[in-house]
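Residues take their numbers from the sequence shown, with the count starting at 1.
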Amino acid sequence: MRFLGNKESLISEIEILLKEKNLISTNLTLCDAFCGTGAISNHFKQYFNIILNDNLKWSTIYTKGRVVAPVCTFQKLNINPIDFLNKTKEKRKGFFYKTYCPSENSSRMYFSVENAQRIDYFREQIEDWNQKNLINGNEYAYLLACLIESVSAVSNTAGVYGAFLKHWDSRALKPIEFIKVESVNCNLSSVQVFNDKIENIISSIDCDILYLDPPYTQNQYGTQYHLLETLILNDNPSVSKITGSRPTAPMRSDWSKDFKSHILFDKVIANTKAKYVLFSYNNDGFMSRTFIESSLKRYGKPETFVCKKIPYKKYQNWKSQNENEHFEYLFFIELKDKKEVIYESPLNYIGSKAKIVNSIKTNLAPNIDKFVDAFGGGFNVGVNISCAQTVYNDYNFLVSDLVESFRKFDTYDYILYVKKLIKQYDLKPADKESYHKIRDYYNSLPKEKRDPRLLFTIILYGFQQQIRFNSNLDFNNPVGMRWFNDKVLEKLISFSRKLKEENCFFLHDNYKSIPLNKNERLFVYMDPPYTLTTGAYNDGKRGFLGWNKNLEKELFDYSDKLSNEGIPFMLSYVLDHKGKRNEELLNWVQKNRYRMIELGDVIGISGSRRKEILITNYEAV
């Protein structure tokens with residue numbers, strides 16, 4: 001049958017890729033998450049156990065019918081149903097006659113009067129056999145798949161059912177035949193069928209390979225194929241006056257919405273139990289290659305990443321015939337263990353620990369229930385620690401509110417808010433005029449009315465996306481060359497989802513005022529400013545405390561207090577920088593016999609190198 005986005009043309013490319021990865025095996029299970037018309041499930045059933053799913057009931061039935069065709073023998077029925085249905089001339093004036101052909105009840109021209117009555121008879125007969133247990137579940141699905149195929153061959157449409165043609169196509173006037181659906185003839189292993197939105201069930205599906213082929217434009221498949229859904233559900237729904245469509249709200253997919261598709265993609269990849277992901281997508285789609293690659297590499301092993309660009313002949317209509325080249329992307333990646341996934345803050349924070357999170361996690365004390373990120377900053381560390389509760393604290397309340405905003409606001413609404421501001425102020429990289437206009441607007445607002453989402457938008461277009469205020473707490477970072485690109489978008493989505501999933505508590509206070517209960521299994525992580533380096537947050541000229549030797553000594557005393565109370569801590573710091581050594585730090589570590597872990601050079605956001613160390617009051621586990 002004709003189907004938008006049919007993947008028949010991609011089968012050979014997918015098969016070649018799977019063979020290259022040595023994944024062709026009947027011991028593995030492939031999940032076809034958006035099965036559509038079953039091109040992938042039907043072909044790869046010869047190699048894998050199959051799990052098929054689609055939000056549309058007709059798609060799951062049609063795909064199941066194709067997949068199980070080789071085992072349909074109709075022993076109980078004791079006749080060849082295809083021959084029987086074609087030989088009988090019976091008709092019924094049922095729902096399709098009353099709704100989808102010119103009749104006393106309708107002027108719609110989806111089918112001729114003769115064919116509509118035959119469709120009603122076919123559907124009634126198949127249901128009768130099923131109700132009398134003369135056919136099993138596989139045979140029922142197979143006959144319904146054949147019915148869909150037969151209906152498609154005589155429909156008076158341009159290929160979808162969003163509307164009918166105003167004049168009769170010659171094929172629509174031919175008498176309907178009950179025809180066999182195409183199926184690969186082979187031995188079958190296991191076949192499981194789901195009918196749900198994949199984002200709702202992905203965490204419960206046990207599979208080895210996840211194949212994703214979601215909608216990639218605003219086309220709603222429920223609207224385009226409403227008639228087939230009604231055919232399979234056989235529920236005689238109320239329909240709209242013009243197209244005869246059933247209510248489409250239950251069939252609507254958020255994958256057909258810009259940015260919601262990005263959010264769902266992140267959710268599915270993050271929560272799948274699969275070891276491998278295959279993803280086909282179109283260059284016309286909402287998600288860019290950059291976003292997809294960034295997301296897959298976050299959850300997968302970068303060295304296994306594959307992206308093939310495959311030209312193809314796009315489904316054409318009169319609006320699209322003169323468009324540019326169209327092609328499919330075919331992505332593959334082997335996923336990491338979920339414990340190895342590192343989330344990154346969308347804030348390009350000076351002193352960010354994103355690059356040493358693995359080292360921090362490796363050297364944590366065991367059995368932590370509560371993780372306190374005392375100098376939270378961009379929250380790259382705390383967001384990656386799995387425990388019962390995480391406490392975020394930063395003395396800069398504007399930064400604390402900004403990080404909390406990623407948890408507080410719905411991510412889709414957050415993105416729309418930012419995009420609206422970008423459009424409203426016509427923000428572009430290095431555009432000083434538009435940047436100053438939005439920055440001045442932010443600074444003109446009373447402190448209590450400054451929306452953190454507005455601040456985030458301004459930060460994205462500032463110099464190196466730094467966070468910098470003057471002594472009046474007005475944002476004063478100059479314009480930069482950066483923007484809200486798809487890599488930032490990916491970080492925003494994955495970071496926000498992770499924050500929303502974790503039990504996080506937000507503070508903005510001096511680190512020494514954080515309430516600590518010794519009876520809890522606490523861990524205090526500290527990443528203060530460094531006396532050997534200078535950033536916009538530690539020069540004491542930004543409306544907040546700076547950092548100096550006296551404050552450093554207070555930090556040492558606080559750390560000693562934690563140690564005396566039996567609370568494990570970790571301190572991120574710098575011992576050597578640009579030929580200078582922090583002798584006070586070294587003497588303190590040696591005096592208290594703390595453990596010092598040298599991490600080597602870490603490249604900062606400006607490209608400078610710093611020699612990071614970790615200091616703990618406990619030994620390695």
Side-chain angles (χ1 to χ4, degrees), residues 1-3 5-54 56-83 126 130 135-150 152-153 178-195 205-213 232 274-280 310 328 330 332:
M1 65 172 289
R2 294 173 292 173
F3 185 72
N6 191 301
K7 291 299 176 286
E8 295 283 355
S9 60
L10 274 186
I11 287 175
S12 60
E13 294 287 350
I14 294 173
E15 187 166 11
I16 290 170
L17 180 55
L18 289 174
K19 285 181 177 178
E20 288 174 352
K21 300 297 179 180
N22 295 316
L23 293 176
I24 297 295
S25 169
T26 53
N27 294 321
L28 299 179
T29 298
L30 182 145
C31 175
D32 190 357
F34 299 84
C35 64
T37 53
I40 300 302
S41 291
N42 181 50
H43 180 83
F44 287 99
K45 68 187 181 185
Q46 59 190 305
Y47 302 125
F48 303 109
N49 300 311
I50 296 295
I51 298 174
L52 60 93
N53 175 71
D54 204 282
L56 299 177
K57 183 68 174 180
W58 79 263
S59 286
T60 61
I61 291 295
Y62 184 83
T63 299
K64 179 183 178 182
R66 292 185 70 181
V67 170
V68 303
V71 298
C72 293
T73 60
F74 299 99
Q75 289 183 351
K76 274 191 176 183
L77 191 60
N78 203 29
I79 58 171
N80 184 321
I82 308 295
D83 292 343
I126 295 170
N130 183 54
I135 53 177
N136 59 35
N138 287 340
E139 292 164 344
Y140 181 59
Y142 172 70
L143 289 178
L144 289 178
C146 293
L147 177 57
I148 291 171
E149 195 74 39
S150 306
S152 299
F178 199 85
I179 56 181
K180 293 181 180 180
V181 68
E182 292 183 2
S183 175
V184 173
N185 190 16
C186 65
N187 293 326
L188 284 185
S189 296
S190 170
V191 178
Q192 297 181 63
V193 180
F194 293 90
N195 175 211
I205 292 180
D206 291 308
C207 64
D208 301 291
I209 303 169
L210 175 65
Y211 174 66
L212 298 170
D213 177 37
I232 296 306
K275 187 175 182 181
Y276 308 96
V277 172
L278 269 171
F279 178 58
S280 56
I310 306 165
E328 288 275 337
L330 180 60
F332 171 88

Crowded around E13 CD? As in, over 12 foreign heavy atoms under 6.0 Å?
yes
Do any N or O atoms from the side chain of T63 and from the backbone of G38 form a donor-acceptor pair under 3.5 angstrom?
yes
Is there any ring pair (Phe, Tyr, Trp, His ring centres under 6.0 Å) pair reaching into residues 7-33, and which pairs are they, with sequence neighbours excluded?
none
Determine whether more than 12 heavy atoms belonging to other residues, nucleotides or ligands lie under 6.0 Å from atom CG of N187.
no
Say whether, by atom type as modelled, one donor and one acceptor occur between the side chain of T29 and the main chain of C207 under 3.5 angstrom.
no
Examine the side chains of N22 and K19 and answer whether a donor and an acceptor come within less than 3.5 Å of each other.
no
Mind checking whether L23 and Y276 have side chains closer than 4.5 Å, heavy atoms only?
yes
If you define the side chain from C-beta out and look only at heavy atoms, does anything of L143 sit under 4.5 Å from F74?
yes
Applying ring pair (Phe, Tyr, Trp, His ring centres under 6.0 Å), can you list everything that pairs with F34, at least two apart in sequence or on another chain?
W255
Under 3.5 Å: donor-acceptor pair, side chain of D32, backbone of L52
no
Between the side chains of D213 and S280, is a donor N or O closer than 3.5 angstrom to an acceptor N or O?
yes
Does NZ in K21 sit with more than 12 non-hydrogen atoms of other residues, nucleotides or ligands closer than 6.0 Å?
yes
Would you check, one step at a time, whether the test side chain to side chain donor-acceptor pair (under 3.5 Å) holds for K64 with S59?
CA-CA 8 Å; K64 179 183 178 182; S59 286; over 6 Å; no
Are the side chain of K45 and the backbone of R66 linked by a donor-acceptor contact shorter than 3.5 Å?
yes
Determine whether a donor-acceptor pair (N or O, by modelled atom type, separation under 3.5 Å) exists between the side chain of N42 and the backbone of V184.
yes
Measuring from I209:CD1 to L30:CG, what's the distance to the nearest 0.5 Å?
5.5 Å
